[in-house]
Amino acid sequence: MGAVGLQTHIWANNTRSILLLAGFPVLLVFILYGAQLVMMGFGLLPGTGRGLGDDMALAASWLGWTVPTALVVAAIWFAIAYLGNQAIIDSITGARKVERRSEPELYNLLENLAISRGLRTPTLRMIETDSLNAFATGLHEGRYSVTVTRGLVNTLSRDEVEAVLAHELTHVINKDVRTMVIASIFAGIISVLAELVFRALIHTGGGRGRSKNSNAGPLILIGLAFAAVGVALAVVIRMMLSRTREFVADAGAVELTKNPDAMISALRKIEGRSSLKGPDEVQQMFLDNQPDGRGLEGLFATHPPIGKRVEALVKFGGGRDPGPWIGPQAPGQGTSVPAAG
């Protein structure tokens, strides 16, 4: 963490955004070609009636119109998602916009942090759930938002809430938010394409009742291989959005608040209490989205374990680890950031 410069991190995120945009057509070609071969194998698309090579060449020739068509659909999807990504995320998570009058202390904390970095204050949103979590969204200045859960506000102390807000604001400063939103939009497009192909196979009974291609087996296997490469590329793109962004955001929170203990204690309270429903594309934006850490699930986790993050803050930020949090405070010792109402 100490070796990661802020400007270097921002430059890396800008580069990732460009690579995401440039790599999407390549990924789309692999998935479309694979889908066409599978559908040809099931008899949903016509074959040449000749050899395997001729069928594969025919499927490749269709890319001349299927790829432009898919790109047009993707462009429409991207435009809709670009303009309405916040509304989509709000509908998925149940977040609502809150004003200064309803959450004055919470709003002031976020505003003061933004002013300290010369930024326009992001819109503040709240999710009415007991889970402890937060995330930032938006694509450019004037459209950034920071969302927190009611459970987080009610459970954490004032300093801990400030540290979480500083963490999310660091994602905005580092341009992590834009990269994650773009990745989520592209992941959504891939999901829609996969869903369309899957439904086509289901509704037609996998080509039942049709004249199947004599090369059905090889076509299906090769098609699945191409589709798998496309999905693998999508995973690689996802992993490009390195988990180091959380370490850097934790460090950014300490830099903004000058209070490493608050960030550490906030993470300890959030640990094991951050479960929040939403698609994978949205969950990877959360402050914490940690599986059990075992096997492949831990390998492809979008967030490092809380313990690792705490260790980094202790080592590089000079903070003190109080250890795992055992539960809520006793009555009368609640948070300094009161709930609305």
- [ ] Decide whether Trp65 and Leu71 are clustered together by the hydrophobic rule: side chain heavy atoms of Ile, Leu, Val, Met, Phe, Trp, Tyr closer than 4.5 Å, transitively.
- [x] yes
TODO: Would you please name every residue forming a ring-ring contact (aromatic ring centres under 6.0 Å, His included) with Tyr144, sequence neighbours left out?
DONE: none
TODO: Considering non-hydrogen atoms only, spot the tightest contact between Leu110 and Pro122 and give its length.
DONE: CD2-O, 3.7 Å
Open item on the list: I'd like to know if the side chain of Glu168 reaches the main chain of Ala136, judged simply by a donor and an acceptor atom lying under 3.5 Å from each other, with no hydrogens or angles considered.
Closed with: yes
Open item on the list: Any heavy-atom pair between the side chains of Glu111 and Arg100 that's under 4.5 Å?
Closed with: yes
Only distances under 3.5 Å count here; give the side-chain donor-acceptor pairs of residues 25-35 to other protein atoms, sequence neighbours excluded, each with its distance to 0.1 Å.
from: Tyr33; atom 1: OH; to: Met56; atom 2: O; distance (Å): 2.9

Task: Donor-acceptor under 3.5 Å (Thr48 side chain, Asp54 main chain) - done: no
Task: Leu37 and Ile220, any side-chain heavy atoms less than 4.5 Å apart - done: no
Task: Non-neighbouring partners of Ala163 that pass side chain to side chain contact (heavy atoms under 4.5 Å, CB included), sequence neighbours left out - done: Ala262, Met263
Task: Sequence neighbours excluded - salt bridge (Lys or Arg N to Asp or Glu O under 4.0 Å) pairs with any residue from residues 61-90 - done: Asp90-Arg125
- [ ] Answer yes if the side chains of Asn174 and Arg245 hold a donor-acceptor pair under 3.5 Å, and no otherwise.
- [x] no
- [ ] Specify the closest pair of heavy atoms between Ala166 and Leu256, including all atoms of both residues, with the distance to one decimal.
- [x] O-CD1, 3.6 Å
- [ ] Quick one: which residue pairs count as a salt bridge (Lys or Arg N to Asp or Glu O under 4.0 Å) with a foot in residues 309-319, not counting sequence neighbours?
- [x] Glu246-Arg309, Asp250-Arg309
Open item on the list: To the closest 0.5 Å, what do you measure between CG (Leu267) and CD (Glu160)?
Closed with: 9.5 Å
TODO: Drop me the distance from Arg50's CZ to Asp55's CG, to the nearest 0.5 angstrom.
DONE: 8.0 Å
Task: Over all atoms of both residues, closest heavy-atom pair of His303 and Gln283 - done: CE1-O, 3.8 Å
Open item on the list: Restricting to non-hydrogen atoms, name the atom on Leu152 and the atom on Val161 that form the minimum distance, rounded to 0.1 Å.
Closed with: O-CG2, 4.3 Å
Open item on the list: Let me confirm one number: the NZ-NE2 distance from Lys175 to His140, rounded to the nearest 0.5 Å.
Closed with: 12.0 Å
Task: Contact check, side chains of Phe42 and Met39, non-hydrogen atoms, under 4.5 Å - done: no
Open item on the list: Test your reading of the model: is there a side-chain donor-acceptor pair from Asp321 to the backbone of Gly323, 3.5 Å cut-off?
Closed with: yes
Task: Under 3.5 Å: donor-acceptor pair, side chain of Arg117, backbone of Thr170 - done: no
Task: Residues that, via side-chain heavy atoms closer than 4.5 angstrom, fall in one hydrophobic cluster with Ile115 - done: none
Open item on the list: Grouping I, L, V, M, F, W and Y whenever their side-chain heavy atoms are under 4.5 Å apart, do Leu219 and Leu221 come out in a common cluster?
Closed with: no
Task: Closest heavy-atom pair and its distance - Arg273, Arg268 - done: NH1-O, 3.8 Å
TODO: Quick one: pull up CZ in Arg158 and CG in Leu106 and give me the separation to the nearest 0.5 Å.
DONE: 10.5 Å
Open item on the list: So which atom in Asn289 and which in Gln284 form the shortest heavy-atom distance, rounded to 0.1 Å?
Closed with: ND2-N, 4.1 Å
Task: Side chain to side chain, Leu113 and Glu162, heavy atoms closer than 4.5 Å - done: yes
Open item on the list: Given 3.5 Å as the limit, does a donor-acceptor pair link the side chain of Asn133 with the main chain of Asp288, or not?
Closed with: yes
